[in-house]
Structures are given as structure tokens and as C-alpha cells.
Amino acid sequence: MTSTTQTTDLTESAPTESALTAELRDNALAALERLGAQVPVPDADEQGLPVVSPLSGETLLTLPRAGAAEVDAAVGRAAEAFTTWRSVPAPVRGQVVKRLGELLTEHKADLAQLVTLEAGKITSEALGEVQEMIDICDFAVGLSRQVGGRTMPSERPGHRLMETWHPLGVVGVISAFNFPVAVWSWNTAVALVCGDAVVWKPSEKTLLSAIGSAALLDRALTEAGFPAGVSQLVLGEREAGEALVADPRVALVSATGSERMGAQVAPVVAARMGRLLLELGGNNAAIVAPSADLDLATRGIVFSAAGTAGQRCTTMRRLIVHESVVDDVVARLARAYEGLPVGDPRAEGTLVGPLVDAGARERMVASLEEAVADGGQVVAGGAVVDVPGAAGAAYVHPAIVRMPAQTDVVRRETFAPILYVLTYSTLDEAIALQNDVPQGLSSSIFTMDVREAETFLSEAGSDCGIANVNIGTSGAEIGGAFGGEKSTGGGRESGSDAWKQYMRRATNTVNYSTELPLAQGVNFG
Ligand code: UN1
């Protein structure tokens, strides 16, 4: 890629461009400059990759498009850099991640601004996303002095039986638009302390925040005198993603996105015996029991269902409410939804920003129509919202729909703010409804009854990777392992012992005796 700082006159500005788009471009370029990032410029004859902001729905600028050849070169550079990086002591690698955390802290507002411009998140949530990056850096620094194996008793005298953990090699990270930078950092901070190199293909919808984040890591690496090759960024679309997934030098593919994407990636990686870490769709439900603290539940539900305009993997999409409290709960939620400020995510007080694009809005409208055809009743929101000066943006009012049953539309993930409400009479029935979807990411129960809470968390309860009590389905901390079961893909990123997926384990037996006893008492001559 040619690396020249891109200025306004080098960008493709359509004649019909809105004043808002010009402002967004200026803001984005200024933030990138503060981040020390070079914005690559496409060749004159190249059809560049458009950077579109969901705030205006228009193109801010174009970037060079990486295809299979660029991915091949990036993986080559990463594989080469890995041969040095793997032998750097893990605590020293941790110092690079520590520096990345410091740079992220220093540039928190700059990166958050790019997240808002590209993913449409309100400022507080965008800052929270960068905080999540800082948190995982802290976590990974601690990990850099802890990754290690066990020693087990050997059955043979004078023998030691132990495990050693080694870096895997090149990790391919494919991230989604909705957490454009945090998910990269979960993978990268941990992979780097584990001794791996990372090739990152961000969503084609969030290229600038990727450029900004990668620039900070490059700085941390070069300041410490390490080859920047361990961190590679490829800005491309499907062709680039396919090349990365198929490349036999990529030891682990960590991909976040739709269930459909996962179903395409998984067989390719499996066929070459590569490792997979998938974080795919969620269809997260909360159960509201008769004993629930309804004030607390209402607040938790509104954040998880309407926050991030319903565009988190962990967004609450289903509410399963006891029949004795359902009318009360729905009335409280409808009141809260009525007052939700929808609009420019940069504005103070806005709680719901735009959907990522018009396609997302169409899918929301279509799902609402299907729900109504299934007998659903829209009790709040659901309308398309016009924001002055942003005609190309896709704003909607988050919706609540009471459903007579868990029909197909409810069992699918529509990546938009629709909360389907179902009722139950026994806890067993509620848990069965909660589990009766293809996905298994996040779940929660609102109850003051310890028996109900414990049953929900037991083996007979939620089948999800995340199960919470008296808290919504979204907004997990980085200290726990993050991921889910069934069609969500089974991977675990972020905290706890997720690091093990970024390393390979060797079992070592050392004989320090003068004899050669065989295991299992075998006698061989
Ligand atoms: C995602 O939507 O892909 O738990 C990640 C949460 C965030 C991460 C979401 N910490 O909602």
C-alpha cells in the first residue's frame, strides 16, 4: 500500500455530498492524524474501497483494496516476523502490550471518535469500547507472566511429566463492524503475549478505526525495537477474507460475524486442520420472574435491548416474562422506549445512534412485518426516524413486539433493535423457550429467588456461553471468557483461560534416571 497522508483534495467527493459528510471526513482525518496513522491512497486507476459513515450514509473517502495477493504478502510478513517474536520472552512481549495500553489511554477520545463515525456508536459506548481495549491490554500484561503449564506426577521413578505451551504462529483475525476495534484487541493483546503474529482483516465498514488502532500497535512495537511485521492489517472485502481463511500458514482463524459467515469459514479451516475460534450470532434472552426487582430489570433490559441500536452480538432480542408481571413489565418498557433519544450519536443525550446502513434498516422493517404477520403486536417503537441533515443515514426507533409464540422470526438474529416479548408460567417452560433457538451466546434471569437463579445457572438451565443474574445480556467484562455455544460457534475470546487457544500444548516426559522403565508396565526385551 502506498502510504501518504490523505487530504481532502485527494478524496472522491461526490457532487451531491452533504455538509455532514464533509464534516465527518474532516473529523476522521484529524483524529487519524492525532493517532499518527498514515491513510493509504488508492492508485489512480484502482477502484478503491469506500469508507462510508453510517451518520450520513455517504462515502468519506476511498482506500486501496487488498485482495488475495496482498493477503498472501501480509501472511508472509507475519510468518517471517513470528520466527523472531516467538523467542522474545513473554514478559518482554507483555511490555509491548503494556505500551499499547498506554497509547490507547492517551488516544482514547481519538479512537472513540472514529468508532462513532464508522460504527455509529454513541460517544459513551465508543469510549467504553476503547476502555475494553485498555482493559484487555492490562489483562494480557498480567498473563505474560502467567502463561505456562502443569507438572503431573509420573508413574515412573526418576521421570518428570509436564506440559509446555508454545506460540501457535500466525493468527488471522476477522472482525465485525459492531465492535470494530475491541474484538481485534481481545485477540491481539492475548495472541501477542502468547508469541503469535496477527493478520487482521477488519470489517469493510470500519476501516479507519482499524488503521488508527494498528498505527498505535506499530508504534508500540517499533519503539521497543521489534519488527512491526507481527501486526499486519489488510483492508479488503470477501476476497481478502477468503484468502486469509484458506491460507495454510494461518494457524488459527478467529472470526466474529454472522452465523452465515461462520458456516462458510468453518469447513475451509477444518479441511486444512487449522484451528478455529468463532464468535457468531446471538439471540439472547432474559427471563423476568415474578420476584424480579422490576425497576432494576427495566433499566437492564433497555440498555441491553436498545443500546448500541441493537447491534451487539450480546443484544437482548427476547424477553420471557412471567404471565403475572408481563403487563407491568411491558408498560414500563414501553414508557422507557417512548423517551429514548434517537439521533446523531455524537450529540449529548443521544442514546440510540443509526443502524450501520440502509440494508440493516430494511432487514429490521422486514422482520417487524413478519412478526406482525405471525400475530405479533408492536407495543413500542419500530418507526424509521428522519434526522435532519442526515437523509442517507438509517435511523430507527427501537421496537418492542409482543409475540404469541416463538416463531421463525424470533428464532433468527435480526441485527437491529427489536425486542420480542413472550410469556411463561413455569420456570422450566421459560428455560425451554430461552434455549429453543439455534444460537447460544448470552442469557440472563431477573429474579430475587435464589432457587430460580441457581436453577438457571445449573446444567439444567441456560445453555449459553454467558448466563447472568439480575443484569442484562450485554456489556460483559473482559476478565471472563467471551463466546457461546451452538450456532454461535463455540469459541472463547478475551479473559479467563481463553489464551490457551492462541498456543499449542506439548506434553514432555523427561527421564532423569539411569533406567528405561516403560509406561503401563510394558516389558520389551
Ligand atoms: C460483540 O458484540 O461482538 O459484552 C462483543 C458485550 C461487549 C462485547 C460485545 N463487552 O456486550
Does a side-chain N-to-carboxylate-O contact under 4.0 Å join [X] and [Y]?
X: R332; Y: D328; value: yes
X: K201; Y: E204; value: yes
X: D344; Y: R346; value: yes

Under 3.5 Å donor-acceptor, D374 side chain and G376 backbone
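Side chain of D374 to backbone of G376, a donor-acceptor pair under 3.5 Å: no, none is there.
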Can you find a heavy atom in the side chain of [X] that is under 4.5 Å from one in the side chain of [Y]?
X: V421; Y: V321; answer: yes
X: V302; Y: L340; answer: yes
X: S254; Y: E279; answer: no
X: N187; Y: V198; answer: no
X: L100; Y: L192; answer: no
X: V245; Y: I174; answer: yes
X: F415; Y: V356; answer: no
X: L244; Y: V253; answer: no

Does any pair with a residue in residues 463-499 pass ring-ring contact (aromatic ring centres under 6.0 Å, His included), and if so which ones, sequence neighbours excluded?
W165-W499, W186-F482
Show every ring-ring contact (aromatic ring centres under 6.0 Å, His included) that has at least one partner inside residues 287-324, sequence neighbours left out.
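ring-ring contact (aromatic ring centres under 6.0 Å, His included) check on residues 287-324 returns H322-Y424.
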By ring-ring contact (aromatic ring centres under 6.0 Å, His included) - contacts of H107 (at least two apart):
none
With no hydrogens and no angle check, do the side chains of R317 and Q439 hold a donor and an acceptor under 3.5 Å apart?
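There is no such pair (donor and acceptor under 3.5 Å, judged by atom type) between the side chains of R317 and Q439.
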Please name all residues satisfying side chain to side chain donor-acceptor pair (under 3.5 Å) with E163, sequence neighbours left out, ordered by chain then number.
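If we apply the side chain to side chain donor-acceptor pair (under 3.5 Å) test to E163, skipping adjacent residues, the hits are R505.
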E102: partners by side chain to side chain donor-acceptor pair (under 3.5 Å), with sequence neighbours left out
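For E102 the side chain to side chain donor-acceptor pair (under 3.5 Å) partners, ignoring immediate neighbours, are R99.
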Would you mind writing out the side-chain donor-acceptor pairs for residues 365-373 within the sub-3.5 Å range, not counting sequence neighbours?
from: S367; atom 1: OG; to: R363; atom 2: O; distance (Å): 3.1
from: S367; atom 1: OG; to: T414; atom 2: OG1; distance (Å): 2.8
from: E370; atom 1: OE1; to: R412; atom 2: NH2; distance (Å): 2.8
from: E370; atom 1: OE2; to: R412; atom 2: NH1; distance (Å): 3.4

Considering residues at least two apart in sequence or located in another chain, which fulfil the side-chain contact (heavy atoms from CB on, under 4.5 Å) criterion with Q406?
R318, V410, R411, L422, L433, D436, V437
Looking at residues at least two apart in the chain, or sitting in another chain, which of them share a side-chain contact (heavy atoms from CB on, under 4.5 Å) with T21?
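Scan of T21 (side-chain contact (heavy atoms from CB on, under 4.5 Å), adjacent residues dropped) gives E17, S18, R25, S56, E58, L60.
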Between L277 and V171, does the side chain to side chain contact (heavy atoms under 4.5 Å, CB included) criterion hold? Intermediate values first, please.
CA-CA 10 Å; L277 198 171; V171 176; over 6 Å; no
Do you know the tightest heavy-atom contact between [X] and [Y]?
X: P267; Y: A263; result: CD-O, 3.0 Å
X: G120; Y: P345; result: O-CB, 3.4 Å
X: A476; Y: E132; result: O-OE2, 4.3 Å

In a table with atom names and distances, give each donor-acceptor pair under 3.5 Å that connects a side chain of residues 284-292 to protein atoms at least two apart or in another chain.
from: N284; atom 1: OD1; to: S442; atom 2: N; distance (Å): 2.9
from: N284; atom 1: ND2; to: C313; atom 2: O; distance (Å): 2.7
from: N284; atom 1: ND2; to: T314; atom 2: O; distance (Å): 3.4
from: N284; atom 1: ND2; to: T315; atom 2: O; distance (Å): 2.8
from: S291; atom 1: OG; to: T447; atom 2: OG1; distance (Å): 3.1
from: S291; atom 1: OG; to: M448; atom 2: N; distance (Å): 2.9

Assess whether atom CD of E323 is packed by more than 12 heavy atoms of other residues, nucleotides or ligands within 6.0 Å.
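Buried by this count: over 12 neighbours within 6.0 Å.
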Stepwise, does the side chain to side chain contact (heavy atoms under 4.5 Å, CB included) test hold for Y502 with R275?
CA-CA 9 Å; Y502 301 83; R275 290 207 200 175; over 6 Å; no
Without placing hydrogens or testing angles, list every side-chain donor-acceptor pair under 3.5 Å for residues 389-405, not counting sequence neighbours.
from: H397; atom 1: NE2; to: Y337; atom 2: O; distance (Å): 2.8
from: R402; atom 1: NH1; to: D327; atom 2: OD1; distance (Å): 2.9

Please report, to 0.1 Å, the donor-acceptor pairs under 3.5 Å made by any side chain of residues 133-147, with sequence neighbours excluded.
from: D135; atom 1: OD1; to: Q131; atom 2: NE2; distance (Å): 2.9
from: S144; atom 1: OG; to: V141; atom 2: O; distance (Å): 2.5
from: Q146; atom 1: NE2; to: G142; atom 2: O; distance (Å): 3.1

Sequence neighbours left out, what pairs pass side chain to side chain donor-acceptor pair (under 3.5 Å) with at least one residue falling in residues 476-491?
E259-S487, D463-K486, E485-R492
Apply side chain to side chain contact (heavy atoms under 4.5 Å, CB included) to the pair V385 and V352, showing each step before the final yes or no.
CA-CA 11 Å; V385 176; V352 181; over 6 Å; no
